[in-house]
Amino acid sequence: QVHLVVSGGGLVQPRGSLRLSCTVSGDIFNIRTMLWYRQAPGKQREAVSLITRRSNTYYVVCVSGRFTISRDAAKNTAYLQLNNLGPEDTAVYYCNAVVTPAGVTIEYAYWGQGTQVTVSS
């Protein structure tokens, strides 16, 4: 079994910062890519950022320069540092990981639980 545990959301004032964490646990052979998505009220879930096994990163344009994704391979954990937050960043943030479980040769995409980020004064 593979599980993703997400933490770090909360209420923050405009221009504030938060750091989200996503830890993958279980019998894992390889984690290829870890991604962050978000879903604002009334909107579709959108990809925000991803980091590959080799630490190549991608950001959606609206967060580029404000959010930073990183990865601690030893801890099977990805982080999303959110800086200079605005009300438009209010959403439930989800973690996704593309994982090859131990003992198999197929990759699966796993989701963590969402964490609420609310930006408000």
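What you see is a predicted model, and the numbers here were worked out from it, not measured in a lab. No hydrogens, no waters, no symmetry mates; every other heavy atom, side chains included, goes into these values.
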Qualifying residues under side-chain hydrogen bond (donor to acceptor under 3.5 Å, both in side chains), relative to Thr115, sequence neighbours excluded |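 If we apply the side-chain hydrogen bond (donor to acceptor under 3.5 Å, both in side chains) test to Thr115, skipping adjacent residues, there are no hits.
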Non-neighbouring partners of Thr118 that pass side-chain hydrogen bond (donor to acceptor under 3.5 Å, both in side chains), sequence neighbours left out = Gln116
Are [X] and [Y] in one and the same hydrophobic cluster, where Ile, Leu, Val, Met, Phe, Trp and Tyr link if side-chain heavy atoms are under 4.5 Å apart?
X     : Y      : result
Val5  : Val92  : no
Tyr94 : Val119 : yes
Phe29 : Val99  : no
Leu11 : Leu82  : no

Approximate separation, where rounding is to 0.5 Å, of [X] [atom1] and [Y] [atom2]:
X     : Y     : atom1 : atom2 : result
Lys75 : Ser25 : NZ    : OG    : 15.0 Å
His3  : Ile28 : NE2   : CD1   : 10.0 Å
Leu4  : Met34 : CG    : CE    : 5.5 Å
Ser17 : Asn84 : OG    : CG    : 7.5 Å

Return yes when atom CG of Asn30 has more than 12 non-hydrogen atoms of other residues, nucleotides or ligands closer than 6.0 Å, and no otherwise.
->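 Count over threshold, so yes.
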Could you tell me whether Arg53 atom CZ has more than 12 heavy atoms of other residues or ligands within 6.0 Å of it?
->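 Atom CZ in Arg53 is not packed in, count stays at 12 or less.
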Minimum heavy-atom separation for [X] and [Y], please, with both atom names.
X      : Y     : value
Thr90  : Pro41 : O-CD, 4.2 Å
Leu80  : Ser49 : CD1-CB, 4.1 Å
Ser121 : Pro14 : N-CD, 3.7 Å

With sequence neighbours excluded, what pairs up with Leu18 under the side chain to side chain contact (heavy atoms under 4.5 Å, CB included) test?
->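 Here the qualifying residues are Val12, Leu85, Val117.
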Taking Arg71 for the side chain and Ser55 for the main chain, is one N or O donor matched with an acceptor at less than 3.5 Å?
-> no
Which atom pairs, one a donor and one an acceptor, fall under 3.5 Å between side chains of residues 104-112 and the rest of the protein, sequence neighbours left out?
from	atom 1	to	atom 2	distance (Å)
Glu107	OE1	Arg32	NE	3.1
Glu107	OE1	Arg32	NH2	2.9
Glu107	OE2	Arg32	NE	2.6

Side chain to side chain, [X] and [Y], heavy atoms closer than 4.5 Å:
X     : Y     : result
Thr68 : Tyr59 : yes
Val6  : Trp36 : yes
Leu35 : Ile69 : no

So which pairs with a foot in residues 77-103 pass salt bridge (Lys or Arg N to Asp or Glu O under 4.0 Å), sequence neighbours left out?
-> Arg38-Asp89, Arg66-Asp89
According to the disulfide bond (SG atoms under 2.5 Å apart) rule, which pairs have a member within residues 49-121, sequence neighbours left out?
->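 Every pair satisfying disulfide bond (SG atoms under 2.5 Å apart) with a residue in residues 49-121: Cys22-Cys95.
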